[in-house]
Structure formats: structure tokens, C-alpha cells
Q: 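One structure follows; several queries about it will come next.
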Amino acid sequence: MCKSKSFVIILCLIAGLPICILAQSTNNSQVSSYKTTELVMSMSQRSLVMPGYLTELKALIARQAYEFWKRGNIEPYVSHLNVYSALHRANKFLDYDSARGLFYNQVGFHSKKVTSIQFGSDPDHYYSTSADGSIYKWSLNEPGTIPETIYQSNNIIKSADISGDGKWMLVVFYQTGIALVSLDKEATGDLPAFLDPEPVRTAVFVPHDLQYLSVSMNGELKLKDLRSGTRQVGKTDLTIKSLEVDKNDGTIYGGTSEGVLQSWAKPYEIDSGTVHDIKKAWTQQSYFGYELGTFAINCMDISPNGKQMAIGRERGDVILWDIERNQLNRIISSHQSAITDISFSPDNELLLTTSRDRTARLWDLNDSRKLPVIFDDHGDWVLTGCFDPAGKQVITGSSDVFLRTWPVDPQVLADRICSLISRNLTREEWIEFVGPDIPYETTCAN
């Protein structure tokens, strides 16, 4: 038995051991940092594999693992993923709605795939669009309530955007044009919807104005206004799949099927051409030998502080691009299939990605070593996702027709467990699933 920490350290140095397990204090009730990490990982996995009919036990083990994780000075790069997954899975089984076949985070559904989720000026409500031609309005704080139908069409809705004042939604139909749909009948009067029949590849609102930018099927960029008409502001021979307009300086970015990110400067003059072809810049840089290649750009988002652009590609990766310095910051690679949507959190700290691999993932932008939290409840492609305005929840929509919500902070999931369970682990359960050498404590203070 080792008599002192110094003696253990000397032995470790002589033996060349990669890790040395030392007690953090002489108090026997505390365990080492390494042992706590191992315990948290083990308990989280035990909770995940435990069958659903042991509902309360499954939840209590996940909750206790979270308590150790929150209190302990432990390895942060992997354990947070396991802890979140265990808490979320436990919550799923606590109040499953067998009558409707819904788990707790299933908000509701459309009759066909969900194509877009958007927040307007009201932070307590959001909108979803679907290939069934409908727009629904949902309550953020009362999930499961019946949504309000804002608009119904016989056309397939491909994408959507909301005006800066939150009063209008721009809906892009598949091969059948655009609709501007009123979200505030008191402000917009008797014009519930305005139809633009010209087929477009994509379209978005121009910030701070009731104008929208569209890309025609032959590559013409057009700025349209309900009052002043239409003018052409650009032209490209490439196939634009996505548009983004920088709220800070008005620069237009177009992501193309050819993998080129084009841009046009305000005031959108035709003869200004492209400001720069970012592909030329990023192919001249290396990222740990990563092959940048040519892959379609499916989606883009600019951080709220205007410093970074996130570019989601068909390859399943994300390019984080420094806008001011025009250079590569980081490449995020984890999804097994194409990125379908991408969104920065309001505080610029997190990035949400959705993918055809049936998952959405939440990334820490400040530490590339941290694994993402994985949201994997959808049964088909996850096509869209966004943060709520406070950055506390994520909402996702899928080809499986469902919308789901996810809290960003795992504390919400942990607290929910204790609000639904009226018991704690028995001492026998503690010995079995935590260990006989760790003093017993109550998991939920009742």
C-alpha cells in the first residue's frame, strides 16, 4: 500500500505509467478525478442500456451520474455526452403518452416532412413549415398543445424565412414560386398572403426591409419589393442551393452545388461581380491534411456577432469561416451524411447541425476537443433545427413528420426526473449501481 502521494508519483514516473490515480483529499468520501470520470461513464451507460420497464431505476441512476459529474473535477470531453444521453433517455420513459404514442419531447407533427422551423418576433411561439403545404404556429412553453394553422397550400414548401420585423414569412415552394404569408394580421391588414409565381431555387428576406432576394432557375439574383417592383442584382452560372445575407453589411452569400461559396456586396450592383470566391481561399489552406475538395453547400449561417460563417456541406462536415480575415477557422466532422441545416446559438457559443444521418448535434465552439451532444430520437432525416431566442432550447423537424424539443442545459432534464419520481435509490440499489465504497446519499431531495 502506498504511504504517501509523493511515493506514488515517484513510482509512476519510474514505471512510465500514463495515468496516476491519486485521491483528491484524505477524506475517504471523495474519490479521485479519474475514478469519478469512470464512475460517471459507467453509470450513464448502465442507465442507457437498462430496459424501459425499470423506469424509475433507469432515471435515478442517470440523475445520480449527473450529480457526480456536476460536482466532480472530472474529464469534460466525453462524459458530458454520456450524461446528457442518459438523462434524456430516462426522461423519455418517465411519462410516455401511450394514448397518442408520444414521448415527452415530441411536440407534434405535420402530415408530411417538416422543412423549416422559424421564430418571429414572439419568443414564446415558433412556426413550422412542411411538404404538406402547411404553416403551423406552436407554443414553446406549452408543448403538446394543438398548433394554430397559419397557412395552407396545395404546393410543397421547400424552405422558409421570416422578415426582420417578424410580421411576414417568406415561403419557397418546390418549382411553383414564392408566397409571402402574414404572421401579424393586425399589422398587415387584409393581405393574408402575396404570391410570386416565378419558380426559384431559393429565396430569403433582406434584413431590415420588406424586400426579398431570390435566385431564378437560370441563376439571376433578383431583389423584389412589394412597392417598387423587381431589379436584377447579380448573376451566376453556378447552381445556388442556399442564400444568406449578412445583417451587418448586407453582403449576399450563395452556397452552390459545385461547392463554391459566392458573394456579392451591397448595394448589389450587377457589375460588382463576386467579392471573393471562398473556395479559392480555402483550397490554399491546410487543416491537418484534411481534403477540402468540392462538395455541395447545403446551408449556411452567420454568427450573431458577425464574425463567423458556418457552412454545412453535402459531405457531412461543417466549415467554420472567419469572415473578417477571410480564412478557415475549423472543420467540424462527425455526421455520417449530408448537413441539412445549421444554426448558431444567440450567445455565439454553440452550433447546432442537423443531418440526413437522422441526428442533430450540438457543438461547443470554444473547445474542439469536446464531443457534441447528439440528439438521435428522430426516425428519419433531420431536415431543420434552430435555437429558441433565449438559447435554452433546440427545436428540430424531420422527414419522420415530427417536431421535437431539447433543453440545452442538462440540469433541466435532471430536475425533471426528480419532479416525477417520489423515491430514491435504495441502499441495495446504491451498492449495485454506484458502489459499496462510496457513501450513500439521496439522489432526489424529497
Side-chain angles (χ1 to χ4, degrees), residues 115-116 157-161 170-180 196-207 209 211-225 228-285 292-302 306 308-315 317-324 326-328 338-342:
T115 55
S116 180
I157 297 177
K158 184 169 66 171
S159 64
D161 192 24
L170 184 155
V171 173
V172 178
F173 297 118
Y174 180 70
Q175 294 185 339
T176 53
I178 294 171
L180 268 65
D196 179 351
E198 181 184 18
V200 298
R201 291 175 180 166
T202 187
V204 294
F205 276 113
V206 174
D209 235 331
Q211 296 179 325
Y212 61 96
L213 186 72
S214 66
V215 182
S216 67
M217 303 306 287
N218 64 358
E220 294 177 346
L221 277 74
K222 297 180 180 180
L223 190 64
K224 297 189 176 184
D225 190 309
S228 59
T230 301
R231 66 187 180 99
Q232 184 176 333
V233 296
K235 181 74 168 67
T236 178
D237 294 328
L238 303 181
T239 305
I240 290 183
K241 297 189 68 176
S242 56
L243 280 175
E244 190 72 20
V245 181
D246 193 327
K247 296 179 176 61
N248 299 297
D249 62 10
T251 300
I252 300 169
Y253 294 95
T256 68
S257 297
E258 293 80 4
V260 175
L261 183 60
Q262 295 183 307
S263 61
W264 291 261
K266 195 176 182 180
Y268 320 128
E269 295 297 336
I270 299 174
D271 58 5
S272 67
T274 57
V275 177
H276 53 260
D277 178 345
I278 289 180
K279 183 188 171 187
K280 292 178 181 177
W282 77 45
T283 53
Q284 295 170 3
Q285 302 176 52
L292 289 172
T294 302
F295 298 93
I297 296 172
N298 294 335
C299 51
M300 299 175 291
D301 192 32
I302 296 174
Q308 282 197 103
M309 177 184 293
I311 303 165
R313 302 201 295 173
E314 187 73 16
R315 188 178 195 176
D317 60 4
V318 175
I319 292 175
L320 289 178
W321 191 258
D322 188 309
I323 293 175
E324 295 177 348
N326 190 31
Q327 69 180 36
L328 180 71
I339 305 294
T340 54
D341 201 3
I342 199 162

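Just so you know, these numbers use all the heavy atoms, side chains as well, and skip hydrogens, waters and symmetry mates.
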Q: For residues D322 and Q327, is any side-chain donor paired with an opposing acceptor at under 3.5 Å?
A: no
Q: Apply side-chain contact (heavy atoms from CB on, under 4.5 Å) to W264 and L221, showing your working.
A: CA-CA 10 Å; W264 291 261; L221 277 74; 3.8 Å; yes
Q: I'd like to check the salt bridge (Lys or Arg N to Asp or Glu O under 4.0 Å) partners of K241; sequence neighbours left out, ordered by chain and number.
A: none
Q: Hey, is the main chain of T202 close enough, under 3.5 Å, to the side chain of K158 for a donor-acceptor pair?
A: no
Q: For the atom pair OG1 (T115) and CD1 (I157), what is the distance rounded to the nearest 0.5 Å?
A: 6.0 Å
Q: Please report the shortest heavy-atom distance between A203 and I178, naming the atom on each side.
A: CB-CD1, 3.7 Å
Q: For the residue pair G312 and I342, what are the closest heavy atoms and their distance?
A: N-CD1, 4.1 Å
Q: Between side-chain atoms of residues 170-177 and protein atoms elsewhere (two or more places apart, or another chain), which donor-acceptor pairs fall under 3.5 Å?
A:
none

Q: Atom CG in L223, atom CD in Q211: separation rounded to 0.5 Å?
A: 4.5 Å
Q: Let me see the working for Y253 and I302 under side-chain contact (heavy atoms from CB on, under 4.5 Å), right down to the final yes or no.
A: CA-CA 10 Å; Y253 294 95; I302 296 174; 4.0 Å; yes
Q: Does the R201 side chain pair with the main chain of M217, one donor and one acceptor, at a distance under 3.5 Å?
A: yes
Q: Backbone N or O of G306 within a donor-acceptor pair of the K247 side chain at under 3.5 Å?
A: no
Q: What are the two closest heavy atoms between L243 and V204, and how far apart are they?
A: O-CG1, 3.7 Å
Q: If you draw a 6.0 Å radius around CG in D237, do more than 12 non-hydrogen atoms from other residues or ligands fall strictly inside?
A: no
Q: Rounded to the nearest 0.5 Å, what's the gap from CD1 on I311 to CG on D301? Could you check?
A: 11.0 Å
Q: Measuring from atom NZ of K224 to atom CD of E198, what distance do you get when rounded to the nearest 0.5 angstrom?
A: 4.0 Å
Q: Check the pair R231 / K222 against side-chain contact (heavy atoms from CB on, under 4.5 Å), numbers first and verdict last.
A: CA-CA 6 Å; R231 66 187 180 99; K222 297 180 180 180; over 6 Å; no
Q: Using side chain to side chain donor-acceptor pair (under 3.5 Å) as the criterion, list what pairs up with S159, not counting sequence neighbours.
A: none
Q: What is the distance from atom CD1 of I323 to atom CG of N248, rounded to the nearest 0.5 Å?
A: 8.0 Å
Q: Would you compute the distance between atom CD1 of I240 and atom CD of E258 and round it to the nearest 0.5 angstrom?
A: 9.5 Å
Q: Going by distance alone, is a donor N or O of one side chain under 3.5 Å from an acceptor N or O of the other, for Y212 and D196?
A: yes
Q: Are the side chains of T340 and N298 in contact, using a 4.5 Å heavy-atom criterion?
A: no
